[in-house]
Participant: 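Handing you a structure now.
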Amino acid sequence: MIYLHQILQQPPESLPLQMNNMASICLTLYFPHLPPTPSPSHSPPYLFLSLKLNKFFHAPPHNSSHVPIKCSNSPSFPISSSNMEFEYDPTLTNEDLKPTTPTQRTFSGLEMASIWVGLVVGVPTYYLAGSLVDLGMAWWQGIATVVLANMILLVPLVLTGHPGTHYGISFPVLARSSFGIHGAHIPTLLRALVGCGWYGIESWIGGEAIFLLLPKSLQQSSLSICLPWLGTSPLEFACFIAFWVAQLAIVWRGIDGIRQLEKYSAPILIALTSCLLIWSYVKAGGFGHMLSLSSRLSSSEFLSIFFPALTANISFWATVALNIPDFTRYAKSQNDQIIGHVGLPIFMGAFTFVGLAVTSSTKVIFGEVISNPIQLLGQIGGLPTTILAIVGISLATITTNIAANVVAPANALVNLSPKWFTFKKGAILTALLGIMFQPWRLLKSSESFVYTWLVGYSALMGPIGGIILADYYLLKKTKLSISDLYSQSPNGAYHYSGGFNMVAIAALVIGILPVVPGFLQKVGIATSIPNIFVVIYNNAWFISFFSAGFVYWVLSGLRRKPDKSDSGEHLLPAAM
């Protein structure tokens, strides 16, 4: 392989000989993106070389978008003047995994922010806010916890989004630089596993909306009696399966139709939330009643809940923070991706205020705290309320669920085995795994939702994020070799040991292990553990993130060798 800068070092009179030698074998010339020259009189060496190449190979003029170069023993191939082309290994890429082109980078800062509006406004976010009140927090303590958590998450979110915008690559491709071209399946499949769990949770919420529509006589029948072995009633489970099948039918028809519906889901839910807030204001006699509920916790009790709650709120978007390059690769510039992300704490704070205010008002209106919005809408009753609830919640749930919790796992499976998996097969497997998570058990109480589900999977997302950021910023210095990210060559920068970076895998395990005892206690497998493991579990994301990142940085520094990634090769002009 001969690079252009190597040829430029040769004197002009030696070029014909160089070209003659090059023509006898099949070579690849990599042409970096170069700015246009101000005038012919000040033509730089690369233009002179271009003219010589044109003369020797009978190529089109320099201003042509592609320069075909024909070797004597190989067919001609194009080299783009704006996008270096190389041979992608078919086992490592498809059209969705290739770097984005300049024409695909259309997301402005406002459009990036709108993505977060659609993600934030939803039933799980409302439920998380209500869970804090249910656990004994005052309204202002809950809001402060949510806003602080999202301000902390904003840092890794922006940092992880940088390579997506700079190189135009997605999360699975970025993971190859640290875990290896095959080892990247580990973090992507772990991300997919969490997506499957969220798919089940969102589907259960949609099933509850269907249950709300049923006649009271049916809701109070023997079919609504909970079966201990199932963990829910047959009727509620049937509604869950009905909603599950409806989503699957839409997925089977394709994502293009879903994209058209997504833009309507956030405004509808915002309108419903506003109506709910106005209703609670009127029924409770003003905001004074809603916001006067004080904390039921002592100082020590508050601290014992605050840190797990903080971790849970960070974990809430930890999945998206990992695969955020899937979105930022379409941003126009780094400024646009940063401006878009800054809206996250603002949107979460605003929506949390609505959720907490309404949840607090239920104590005044109904005499008990109702943190689940589906149950609250059922308590309000009335045909108009029922219709609006079902339409709004179902629409928001379906569009959000398919976009956020089906596409990522399905693509991870396609990336795992492109020859066997298609998007449809990946979506079906995602949906089946969503049932196996038994979301009705996760949502049966605020404690199981916050402590078991959200805190538990943060132990998986935290170390992956720490390793990727330590690799990209501390070791690679933001310089990646794009061609090696798509190459199976044993000499590639990211081939490591058979395609696996054992240092990253070891750091991942080290980051997860300390959290395991606390998780086993929460699920009832371990009855008694030392208090230190309880503390570690309550701060799972922080401890796993920093410990895995630090271990990876140290071990990689001890064994580091010069690699091709130091070239900082990229396909597109760097987005500033």
Side-chain angles (χ1 to χ4, degrees), residues 117-144 146-147 202 204-216 219-220 236 239 243 264-296 346-400 443 446 449:
V117 173
L119 290 172
V120 166
V121 179
V123 175
T125 308
Y126 181 102
Y127 183 84
L128 179 62
S131 297
L132 300 180
V133 172
D134 202 12
L135 292 173
M137 283 191 180
W139 68 272
W140 64 268
Q141 291 173 331
I143 293 176
V146 171
V147 172
E202 294 273 11
W204 179 257
I205 291 172
E208 282 190 307
I210 296 178
F211 183 82
L212 185 66
L213 178 64
L214 299 177
K216 290 292 183 180
Q219 293 182 22
Q220 298 172 358
E236 288 177 297
C239 293
F243 193 83
Y264 298 110
S265 63
I268 290 176
L269 200 53
I270 289 175
L272 288 175
T273 303
S274 300
C275 293
L276 194 59
L277 183 62
I278 294 173
W279 169 85
S280 63
Y281 177 85
V282 174
K283 297 291 288 186
F287 285 113
H289 291 287
M290 292 186 291
L291 305 179
S292 63
L293 292 177
S294 59
S295 174
R296 306 190 305 272
I346 300 174
F347 302 145
M348 284 293 291
F351 192 69
T352 298
F353 170 78
V354 174
L356 286 178
V358 174
T359 301
S360 299
S361 71
T362 60
K363 178 67 175 179
V364 178
I365 300 171
F366 300 105
E368 61 178 340
V369 175
I370 303 177
S371 60
N372 190 325
I374 304 294
Q375 296 177 359
L376 175 59
L377 292 171
Q379 285 282 86
I380 296 174
L383 183 59
T385 302
T386 301
I387 294 176
L388 288 176
I390 292 173
V391 172
I393 293 175
S394 298
L395 180 62
T397 302
I398 289 176
T399 55
T400 301
L443 294 175
S446 299
F449 179 64

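Everything quoted here is computed from the prediction, not taken from an experiment. The basis for the numbers below is simple: all heavy atoms, side chains too, and nothing from hydrogens, waters or symmetry mates.
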Participant: With a 4.5 Å cut-off on side-chain heavy atoms, are Thr362 and Glu368 touching?
Facilitator: no
Participant: Can you see which heavy atom on Val358 is nearest to which on Ser280, and at what distance?
Facilitator: CG2-OG, 3.7 Å
Participant: How many angstroms lie between atom CD of Glu208 and atom CD of Glu236, to the nearest 0.5 angstrom?
Facilitator: 7.0 Å
Participant: Looking only at heavy atoms, what is the nearest atom pair of Phe347 and Val120, with distance?
Facilitator: O-CG1, 3.8 Å
Participant: Using a 3.5 Å distance criterion without hydrogens, assess whether the side chain of Gln219 forms a donor-acceptor pair with backbone atoms of Phe211.
Facilitator: yes
Participant: According to side chain to side chain contact (heavy atoms under 4.5 Å, CB included), who are the partners of Ile365, at least two apart in sequence or on a separate chain?
Facilitator: Trp279, Lys283, Ala284, Ser361
Participant: Compare every heavy atom of Val147 with every heavy atom of Gly349, then report the nearest pair and how far apart it is.
Facilitator: CA-CG2, 3.7 Å
Participant: Work out which heavy atom in Leu135 is nearest to a heavy atom in Arg296; give both atom names and the distance.
Facilitator: C-NH2, 4.0 Å
Participant: Nearest 0.5 Å, what's the CG-CD distance between Leu214 and Gln220?
Facilitator: 12.0 Å
Participant: Closest heavy-atom contact between Leu277 and Ala357?
Facilitator: CD1-CB, 4.2 Å
Participant: Which heavy atom in Ser295 sits nearest to a heavy atom in Gly136, and how many Å separate them?
Facilitator: OG-O, 3.2 Å
Participant: Is the shortest side-chain heavy-atom distance between Ile205 and Phe243 below 4.5 Å?
Facilitator: no
